[in-house]
Amino acid sequence: MRVLITGATGYVGQAVAVALAGAGHEVHALTRDPGSDRARALEDFGVRPLRGRLADRAELSGMLAGADAVVHTAFDPHDPVGADRALFGALADVGGRRHLVYTTGCSVYGEHAHAVLTPRTPVDGGNLRARLEAELRSAGLPHTVLRPGMVHGGDARSSIVGDWFREARSSGPVHRGRRDKVWSWIHVEDLARAYTAVLRAPEEHDGRAYLLADARPVAPLAVVEAAARAAGRTDALAFAPVEDEKPVYRVFDRDEVIDSSAARDALGWTPQESDVLAALPASFRQWSAART
Ligand SMILES: NC(=O)c1ccc[n+]([C@@H]2O[C@H](COP(=O)([O-])OP(=O)(O)OC[C@H]3O[C@@H](n4cnc5c(N)ncnc54)[C@H](OP(=O)(O)O)[C@@H]3O)[C@@H](O)[C@H]2O)c1
């Protein structure tokens, strides 16, 4: 299959692009800068970077014309709605049955108090990503939504674990918010395997939303501590309340536990890296190497 992927120079997208190429797909990667180090590194895995911008619907339509499927892992913080609407519009323009694998996350549940999240848990209709998922459904485009839990592993580039590595190497490790909270985790390479699983038989997953996490929720308190140890810190953690009022930071005061059994059953997908704590030393080495 020829797959156009967005965001392949990003943290999640790079792992997905490499996994798709490894699964035998012809992978084209939309990036604003095909000359960047991260774009050029994709070529080593047989992924072809193509210059493009999400906001440009006409340009996108041209790229989509030659694709059999689209994987969307890009996230434009400056214009998340405009970027994704341009993609939906371009897919409608080309009029075909190209399957879109669309990435969101647990933010679609808003500031919830659910003990466990499942695909049947109602989303927060006011949440921006939940609204985009609804627009995609209304557009009638063939698609599958993937909602990962807390992503870790690899170079942890734009992940919460990467933030903790950074803090551990500078001012010192800090645990924020409620100390007894528990989160579900997913290794970035296991997440990537879920995209390849969808594209094995996309029509079987049309209109479905899958939650992706490994089987064992782990307290962020343990992960902050292990990330600090992996980064060579031996001093005690500092504790801080959640001071930033942005809704995104309120996750530091709640549980975010995922039941991913529906994804396992439907996709025949089983996470291989099921221990976030054990994965941290290797991830820290990759995080450090990416900075030299
Ligand atoms: N990271 C996590 O821990 C995590 C957890 C749960 C869910 N997610 C979701 O996973 C997705 C990917 O996250 P990530 O952390 O991998 O993101 P990231 O590392 O920040 O990468 C974002 C990518 O988006 C591309 N991009 C941004 N604006 C663009 C535009 N206007 N046109 C074209 N490309 C554009 C960038 O590519 P270029 O600069 O090359 O153009 C970049 O590679 C997001 O939807 C995120 O919400 C992530």
Side-chain angles (χ1 to χ4, degrees), residues 1-32 34 38-39 41-43 45-55 57 59-76 80 83-92 94 96-105 129 132-133 135-137 139 141-148 151 154 157-158 186-212 263 266-267 269:
M1 212 181 248
R2 183 181 288 182
V3 183
L4 179 70
I5 178 168
T6 70
T9 55
Y11 174 47
V12 171
Q14 182 189 38
V16 176
V18 169
L20 289 169
H25 296 293
E26 181 182 343
V27 185
H28 291 182
L30 179 144
T31 169
R32 290 165 296 183
R38 286 188 71 91
L42 289 167
E43 294 180 37
F45 298 93
V47 175
R48 185 171 156 213
L50 298 176
R51 186 183 300 279
R53 285 163 301 136
L54 276 169
R57 180 167 166 169
E59 188 177 62
L60 271 176
S61 302
M63 287 180 166
L64 289 171
D68 302 306
V70 186
V71 168
H72 183 50
T73 68
F75 182 72
D76 185 343
D84 287 14
R85 279 189 184 148
L87 178 61
F88 303 162
L91 278 161
V94 292
R97 299 289 300 161
R98 290 163 186 80
H99 196 91
L100 169 63
V101 188
Y102 186 62
T103 314
T104 60
R129 313 286 300 267
L132 286 165
E133 285 188 7
E135 284 184 30
L136 177 55
R137 274 195 305 279
L141 298 165
H143 72 279
T144 306
V145 174
L146 298 185
R147 298 176 188 150
V151 186
R157 186 169 178 250
S158 60
I186 181 75
H187 192 284
V188 70
E189 286 170 16
D190 282 325
L191 176 57
R193 281 189 273 274
Y195 289 79
T196 62
V198 171
L199 288 186
R200 271 199 293 272
E203 58 292 339
E204 288 177 18
H205 309 292
D206 187 14
R208 304 285 301 272
Y210 295 120
L211 282 152
L212 302 164
L267 297 173
W269 167 83

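For the numbers below, each heavy atom of this structure counts, side chains included, while hydrogens, waters and symmetry mates do not. Along the sequence shown, the residues carry numbers beginning at 1.
Side-chain atoms of Pro49 and Glu43, non-hydrogen and from C-beta on, do get closer than 4.5 Å to each other. Two residues are said to be in side-chain contact when any heavy atoms from C-beta on lie closer than 4.5 Å; Leu132 and Thr104 fail this criterion. Residues Leu50 and Leu30 fail the side-chain proximity criterion, which asks for heavy atoms closer than 4.5 Å.
Of the inter-residue distances, the one linking Leu87 atom CG with Leu64 atom CG reads 6.5 Å to the nearest 0.5 angstrom. The OH atom of Tyr102 sits 11.0 Å away from atom CZ of Arg147, with the distance rounded to the nearest 0.5 Å. Rounding to the nearest 0.5 angstrom, the gap separating the NE2 atom in His99 from the OG1 atom in Thr144 is 2.5 Å. To the nearest 0.5 angstrom, Leu141 atom CG is 9.5 Å from Asp206 atom CG.
Exactly one of Val71, Asp68, Leu199 qualifies for a side-chain contact (heavy atoms from CB on, under 4.5 Å) with His25. That residue is Leu199. For the side-chain contact (heavy atoms from CB on, under 4.5 Å) criterion with His28, the lone passing option out of Leu4, Val70, Val3 is Leu4.
A pairwise comparison of heavy atoms in Thr196 and Ala23 identifies CG2-CB, 4.2 Å as the closest pair. When all heavy atoms of Ala74 and Leu54 are compared, the pair lying nearest together is CB-CD1, 3.6 Å. Between Ala29 and Leu42, the shortest heavy-atom contact is CB-CD1, 4.2 Å. A pairwise comparison of heavy atoms in Leu212 and Ala263 identifies CD2-CB, 3.7 Å as the closest pair. Contact between Arg2 and Gly66 at its shortest, heavy atoms only, is CD-O, 3.0 Å. Taking both residues in full, the closest heavy atoms of Pro202 and Met1 are given as CG-CE, 4.0 Å, listed atom of the first, atom of the second, then distance.
Side-chain N or O atoms of Thr6 include one that pairs as donor or acceptor with a backbone N or O of Thr73 at under 3.5 Å. For the pair Thr103 (side chain) and His72 (backbone), a donor-acceptor distance under 3.5 Å is present. Judged by distance alone, with hydrogens and angles left aside, the side-chain atoms of Glu135 form no donor-acceptor pair with the main-chain N or O of Arg85 at under 3.5 Å. A donor-acceptor pair is defined here as one N or O able to donate and one able to accept, closer than 3.5 Å; such a pair exists between the side chain of Arg98 and the backbone of Ala67.
In this structure, the side chain to side chain donor-acceptor pair (under 3.5 Å) partners of Asp190, at least two apart in sequence or on a different chain, are Arg193. Under the ring pair (Phe, Tyr, Trp, His ring centres under 6.0 Å) criterion, Tyr210 pairs with His205, sequence neighbours left out.
Residues Phe75 and Tyr11 place their aromatic rings such that the two centres sit no closer than 6.0 Å.
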Determine whether Arg129 and Val145 satisfy the following criterion, side-chain contact (heavy atoms from CB on, under 4.5 Å), listing intermediate values before the conclusion. CA-CA 11 Å; Arg129 313 286 300 267; Val145 174; over 6 Å; no
Let me check something: any side-chain donor-acceptor pairs from residues 12-21 under 3.5 Å, sequence neighbours excluded? List them with distances.
{"unit_1": "Gln14", "atom_1": "OE1", "unit_2": "Arg38", "atom_2": "NH2", "d": "3.1"}

